[in-house]
Amino acid sequence: MDADFAIVGGGVVGLSVAWGLLKHGQSVIVIDGTERTPRASRGNFGLIWVQGKGTRQPRYAAWSQQSAALWSDFAVELEDSTGRNVALEQRGGLDLHFSEDSLAEWAAKYEALKAALGGDYPYEILDARALRLEEPAIGPRVVGALLHHQDGHANPLRLLRALSEDVQRLGGRIEAGREVSRVTQGDGLFCITCADGPEIRAEKVVLAVGLGAAMLGPQLGFKTPVNPERGQILITEKLPPLIRRPSLIARQVNEGGVQISATNERVGMDDGVTGKGLAQLAAEAVAAYPALARAKLLRSWGALRVMTPDGLPVYQESGVMPGAFLITCHSGITLAAAHARLVGDWLLGRPDAPDLEVFGEARFAI
Ligand SMILES: Cc1cc2nc3c(=O)[nH]c(=O)nc-3n(C[C@H](O)[C@H](O)[C@H](O)COP(=O)(O)OP(=O)(O)OC[C@H]3O[C@@H](n4cnc5c(N)ncnc54)[C@H](O)[C@@H]3O)c2cc1C
């Protein structure tokens with residue numbers, strides 16, 4: 001046997017889970033695909049975002065909150081062991097609204113969610129005046145915002161690098177550039193076959209392959225449909241401090257550039273950028289933060305979100321191959337701390353493991 005756990009997929013989900021398992025004393029091999037596979041972890045917006053999640057499933061809101069609460073210690077531990085600062089800032093985040101109706105509609109949803117969560121949902125409604133006191137760069141077209149105090153942001157590429165380094169420091173092996181083509185089970189072990197030859201044997205296997213689950217999942221008896229949703233992102237030149245708290249429209253990154261995000265498009269596996277998409281992003285950003293009209297745009301990119309039909313994460317052990325698990329989610333940066341700190345207990349069947357039952361595949365009718 002090569003390891004207790006083989007994690008297929010070395011994006012932020014696979015690496016966070018690997019890190020947690022290593023901390024539990026498990027031996028772990030991470031097998032990560034080639035440059036040809038889509039990689040949401042390298043193209044995302046870097047928000048640690050609670051608000052708006054779980055308005056139809058409060059357990060998802062609570063799970064996101066639990067992760068957000070763990071993030072600060074998690075970031076410190078990663079920095080202590082790797083020297084990499086993931087640029088975490090968690091002083092709240094803003095959902096900006098351009099109409100009173102949409103602000104009232106979302107405030108009502110948050111109030112209902114707060115009641116469902118027993119009052120634990122720290123948010124405020126900011127009217128235009130209060131908002132501009134908090135965030136002077138906001139323009140006159142924004143009528144107000146929802147400020148959620150658990151929200152924040154980090155540098156997702158530094159997070160990925162720190163996780164990768166720490167997984168190896170803790171004794172994990174990362175097999176990069178290997179596409180897994182087949183997973184079989186026999187004699188109590190999983191055999192993971194890579195397209196270019198090598199076979200890896202492990203007692204348990206975790207599929208954390210993002211959109212790759214559409215291909216590998218059914219082999220292990222999983223039925224979760226994952227679909228791509230493209231997001232285009234823009235980044236400006238470095239600017240003096242302009243945006244204090246991140247919003248769903250823009251955030252100022254630790255190096256000074258303003259990242260503007262993101263389109264939501266169903267265009268299959270096309271992760272390119274379009275003039276129309278970028279123009280729409282720029283227009284919305286300037287409407288929210290008028291000073292951005294003078295900023296130079298440096299770069300743009302597209303990346304594919306990993307979407308389940310209801311947008312909720314999936315944590316599922318296979319019914320036909322016990323010991324095989326599927327983990328996929330739409331917000332892998334937000335949930336990284338929960339994946340690192342809590343999901344190992346669930347994978348190991350510990351009594352104090354988080355209850356993830358509502359995130360199982362039984363909710364899908366297919
Ligand atoms: C535009 C955009 C903005 C986003 N913004 C945010 C945000 O602000 N906050 C947030 O929390 N989340 C955000 N996300 C979502 C976040 O990026 C994803 O939830 C997260 O990256 C998913 O990580 P993953 O490891 O599951 O998938 P991926 O990053 O796609 O990694 C999957 C890995 O599996 C490997 N793989 C696939 N198939 C195989 C195979 N057959 N064999 C071996 N390896 C394989 C791939 O090579 C890849 O490295 C955003 C996503 C996008 C696209």
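Values in this document were obtained by computation on a predicted structure and should not be read as measured data. Ligands are counted one by one from 1 in listed order, and the atoms in each one are counted from 1 as well.
A side-chain contact (heavy atoms from CB on, under 4.5 Å) with H24 holds for exactly one of L348, L347, D4; it is L348. Only one option out of F325, Y315, W71 pairs with H339 in a ring-ring contact (aromatic ring centres under 6.0 Å, His included); it is Y315.
For the pair I233 and ligand 1, the shortest N or O to N or O distance does not fall below 3.5 Å. Considering backbone and side-chain atoms together, I333 places an N or O closer than 3.5 Å to an N or O of ligand 1. An N or O contact shorter than 3.5 Å links G332 to ligand 1 by distance. Between T334 and ligand 1, at least one N/O pair is under 3.5 Å apart. Between C329 and ligand 1, a contact under 3.5 Å exists for at least one N or O pair. For a threshold of 3.5 Å applied to N or O pairs, the pair formed by I48 and ligand 1 contains no separation below that value. Note: an N/O pair closer than 3.5 Å links S41 and ligand 1 by distance alone. Inclusion of F45 in the set of residues having an N or O under 3.5 Å from an N or O of ligand 1 is warranted. Considering both main-chain and side-chain atoms, V13 comes within under 3.5 Å of ligand 1 through a nitrogen or oxygen pair.
If you look at C194 next to ligand 1, there are no close heavy atoms at all, none under 4.0 Å. Neither the backbone nor the side chain of Q232 comes within contact range of ligand 1; no heavy atom lies under 4.0 Å. If you look at L335 next to ligand 1, there are no close heavy atoms at all, none under 4.0 Å. Looking at T37 against ligand 1, only its side chain comes within 4.0 Å, counting heavy atoms. Counting heavy atoms closer than 4.0 Å to ligand 1, residue R230 contributes nothing at all.
In this model, no donor atom of one side chain and acceptor atom of the other lie less than 3.5 Å apart for Q316 and E361. Side-chain contact, D166 with W19: a donor N or O sits under 3.5 Å from an acceptor N or O. Using modelled atom types, one finds a donor on one side chain and an acceptor on the other under 3.5 Å when comparing E124 with H149. For the residue pair T236 and K296, no side-chain donor N or O sits within less than 3.5 Å of a side-chain acceptor on the partner.
Ligand 1 does not have T328 within reach: every non-hydrogen atom of the residue lies 4.0 Å or more from it. At least one heavy atom of R178 sits closer than 4.0 Å to an atom of ligand 1.
Taking atom 44 (N) of ligand 1 as the reference point, the nearest protein heavy-atom neighbour is G33 N, 2.9 Å. Closest to atom 15 (C) of ligand 1 among all protein heavy atoms lies H330 O, 3.0 Å. Given atom 30 (O) of ligand 1, the protein heavy atom at minimum distance is A40 N, 3.1 Å. The shortest contact between atom 35 (C) of ligand 1 and any protein heavy atom is with D32 OD1, 3.3 Å.
Once rounded to the nearest 0.5 Å, the distance linking CG of L157 with CZ of R84 reads 11.0 Å.
L298 places none of its side-chain heavy atoms less than 4.5 Å from the side chain of K238.
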Please list every donor-acceptor pair under 3.5 Å in which a side-chain atom of residues 188-217 meets a protein atom from a residue at least two apart or in another chain.
residue: D196; atom: OD1; partner: R178; partner atom: NH1; Å: 3.3
residue: D196; atom: OD2; partner: R178; partner atom: NH1; Å: 2.6
residue: E199; atom: OE1; partner: R201; partner atom: NH2; Å: 3.0

